[in-house]
Colleague: 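One structure coming up, written as structure tokens, with questions to follow.
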Amino acid sequence: MIRSEPANMNTPRAVTRSLLSLALVAALAACATTGGTPDNAVRRVPALPAAWSEAAPAEAAPVDAQWWTRFSSPELRTLVDEALAGSPDLAIAIERVRQAEAQAVVAGASLFPSLGLSAATSRRDARGGEPRVSSSSESSNLSLSASYELDLWGRNAAGLRAAESSLLASRYDRETARLTLVSGVAGGYFQLLAVRTRLAIARENLAIAERVYTLVEARVRNGVVSQLDLSRQRSTVLNQQAAIPPLALQERQTLAALAILVGRAPEGFTVQAQSLAELAVPVAAPGLPAGILTRRPDLASAEAQLSAANANIAAARAALLPGISLTGSAGLASNALLFALDAPTTALTLGASLLQTIFDGGRLDAQVDIARARERELVEAYRKAVLAALADVGNALAAAGRGREQEVLQAQVRDEALRALRLAEVRYREGVDDLLSVLDAQRTLFSAQDGAAQVRLTRLQASVSLYKALGGGWSQDGR
């Protein structure tokens, strides 16, 4: 380390000459060490298709900021608002943003000089001997010190860019958490209503089975059929009774999970809606595939992390170069209290130092290699995220389109199964057919009704998945 501390009044000029010399030495060292400037990373964004392979329905509408209101459920809107205000997951993401903001302030502080002020006062009394002799003395000093590291190679500036990019990434992660939370609340709400719908269907099917059992019981009393028919129908009744408790348990578990998403205790939490039939099934217009890059906060986060990694490379390479720091101090001192003096002693010291690592066992070079490898890793992670986003939208579009067709067909199956059961009951009552046709018609109807409820749920979930895949109305321009 080379240090210069002039003591005369021409100190600023001497320090300036020393700094010019140090800068020349550092520039020569930079040429000998690096031989050039770091290359910027080139992001390998995959080729995007011109259009989606799955076409959106004609009634599809653009994604708006509050897309969950399009399901025509005021209760869902209330639950989402409550979740955004009280969800622990979102609160965690917000605190991470605050940590990143503070870290950016810490990184930016290295670009400014640091100042320190110190003051001290002391008093000494001495007594003893014969004859008694006493003496006392006072001393005080006040000093101001400053230090500053010249960021000639941009290491500190690169650290600030990395911190700012990490801050952006944390903000995008917060938006991702928000989108995930809203999608989770909507999905949990639909799942709860689906369970309640299936529970109502199970109870309705139990009533049908009991009605048929009454019919069989009457025919047994009249001696028209044997006890075998009665036993078969009793088995059907018991099966329908056994299907109710698992659905009731699932309703309770789903309600508890939804309460946690909203940020409330499961005890006392309830939802008023009872059926999926109360909901609309909107479909979002996906736009062009290229727009996915600016719609999804997770892709924006991946891009910000890549920018931070690139800045870390610049900081790691700058660490190979010599550093120059300036120090200075000014102070007042006296053998008595300062405020009692007319002319205290003053002191001024200025200094400059140059520090260059000669040998570190390859540590700094390895840190550059680590930063480069980290950047390449994030490039591939970004490319993978784009491909996954394209697949998410394509799958959600396919599920939305196929789900609508399936729901229409399933409704037809349910209606025909109900008609077949009515005809089977009439024919059994008149003695034209045996009980096996009635049992078969019951099983078909029960399965068709339950399947219709699950297809409806699939459509709603596909709609939520499409909104989530499209970024949920968030964009970098309109955040």
Side-chain angles (χ1 to χ4, degrees), residues 48 51-52 54-87 89-94 96-97 168-191 258 261-263 279-304 382 385-401 403-404 459-479:
L48 299 176
W52 303 103
E54 293 285 342
E59 69 273 13
V63 182
D64 52 32
Q66 293 186 328
W67 52 268
W68 55 91
T69 62
R70 303 196 58 202
F71 291 92
S72 301
S73 174
E75 188 174 43
L76 175 60
R77 182 170 186 171
T78 300
L79 290 174
V80 170
D81 292 342
E82 190 173 351
L84 292 176
S87 171
D89 292 334
L90 190 58
I92 290 172
I94 292 174
R96 287 174 179 168
V97 171
L168 281 179
S170 67
R171 287 173 177 169
Y172 297 144
D173 290 340
R174 177 194 59 195
E175 295 303 316
T176 301
R178 182 179 184 275
L179 176 57
T180 301
L181 173 64
V182 174
S183 302
V185 171
Y189 182 73
F190 299 153
Q191 182 69 36
L258 182 59
L261 281 176
V262 173
L279 304 175
V281 186
V283 180
L288 296 178
I292 199 67
L293 298 179
T294 57
R295 285 205 208 105
R296 288 178 56 132
D298 59 334
L299 296 183
S301 175
E303 187 174 347
Y382 180 78
V386 172
L387 294 174
L390 295 174
D392 288 344
V393 176
N395 293 336
L397 280 173
R404 182 175 54 175
R459 282 196 65 194
L460 289 165
Q461 290 176 333
S463 182
V464 173
S465 297
L466 182 56
Y467 280 116
K468 183 179 180 181
L470 294 174
W474 179 91
S475 67
Q476 291 184 356
D477 296 331
R479 57 182 177 273

Colleague: Evaluate Thr176 against Asp298 for side-chain hydrogen bond (donor to acceptor under 3.5 Å, both in side chains), listing each step before the verdict.
Modeller: CA-CA 6 Å; Thr176 301; Asp298 59 334; 5.2 Å; no
Colleague: Answer with yes or no after comparing the ring centroid distance for Phe71 and Tyr189 against a 6.0 Å cut-off, counting only values under it.
Modeller: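 Distance test on ring centres: not under 6.0 Å, no.
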Colleague: Check whether any side-chain heavy atom of Arg96 sits under 4.5 Å from a side-chain heavy atom of Arg174, and report yes or no.
Modeller: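 No, side chains not in contact.
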Colleague: State, yes or no, whether a side-chain contact exists between Tyr467 and Pro282 at a heavy-atom distance under 4.5 Å.
Modeller: yes
Colleague: Hey, what do you get for CD (Glu175) to OG1 (Thr180), rounding to the nearest 0.5 Å?
Modeller: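 Spacing of CD (Glu175) from OG1 (Thr180) equals 11.0 Å.
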Colleague: State, to 0.1 Å, how close Gly472 and Leu179 come at their nearest heavy-atom pair, and which atoms those are.
Modeller: CA-CD1, 3.7 Å
Colleague: Using 0.5 Å steps for rounding, measure from the CG atom of Asp173 to the CD1 atom of Ile92.
Modeller: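 Rounded to the nearest 0.5 Å, the CG-CD1 separation comes out at 13.0 Å.
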Colleague: Working to the nearest 0.5 Å, report the span between CZ of Arg296 and NZ of Lys468.
Modeller: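 NZ of Lys468 is found 8.5 Å from CZ of Arg296.
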Colleague: With rounding to the nearest 0.5 angstrom, report the CG to CH2 distance, Leu79 to Trp68.
Modeller: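 The distance works out to 12.5 Å.
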Colleague: Search all heavy atoms of Val393 against all heavy atoms of Pro286 and return the closest pair with its distance.
Modeller: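 The pair with the smallest heavy-atom distance is CG1-CB, 4.2 Å.
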Colleague: Quick check on side chain to side chain contact (heavy atoms under 4.5 Å, CB included): which of Leu84, Ile94, Asp89 does Arg178 satisfy it with?
Modeller: Leu84
Colleague: Can you check whether Asp64 reaches Arg70 side chain to side chain, under 4.5 Å on heavy atoms?
Modeller: yes
Colleague: Give, for atom CG of Asp81 and atom OG1 of Thr69, the distance between the pair rounded to the nearest 0.5 Å.
Modeller: 10.0 Å
Colleague: Closest approach of Val185 and Ala83, non-hydrogen atoms and distance?
Modeller: CG2-CB, 3.8 Å
Colleague: Might you point out which heavy atoms bring Val63 and Ala284 nearest each other, and give the distance in Å?
Modeller: CG2-CB, 3.6 Å
Colleague: Do you know which two heavy atoms are closest between Ala389 and Leu299, and how far apart they sit?
Modeller: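 In this case the closest contact between Ala389 and Leu299 is CB-CD1, 4.1 Å.
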Colleague: With the side chain counted from C-beta on, respond yes when Val386 and Leu48 share a heavy-atom pair under 4.5 Å apart, and no when they do not.
Modeller: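 Val386 reaches Leu48 side chain to side chain.
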Colleague: Between Trp474 and Tyr172, what is the ring plane arrangement, given parallel below 30°, perpendicular above 60°, and tilted in between?
Modeller: perpendicular
Colleague: For residues Asp392 and Ser465, determine if any side-chain heavy atom of one lies less than 4.5 Å from a side-chain heavy atom of the other.
Modeller: no
Colleague: If you measure from OG on Ser301 to CZ on Arg171, what distance do you get to the nearest 0.5 Å?
Modeller: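 One finds 12.5 Å between OG of Ser301 and CZ of Arg171.
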Colleague: Main chain of Arg459, side chain of Ser463: is a donor-acceptor contact present, judged purely on distance under 3.5 Å?
Modeller: no
Colleague: Between Ala462 and Ala400, what is the shortest heavy-atom contact and its length?
Modeller: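 For Ala462 and Ala400, the tightest heavy-atom pair comes out as CB-N, 3.9 Å.
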Colleague: Taking the side chain as every heavy atom from C-beta outward, state whether Val464 and Leu460 have any pair of such atoms under 4.5 Å apart.
Modeller: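 No; the side chains remain at least 4.5 Å from each other.
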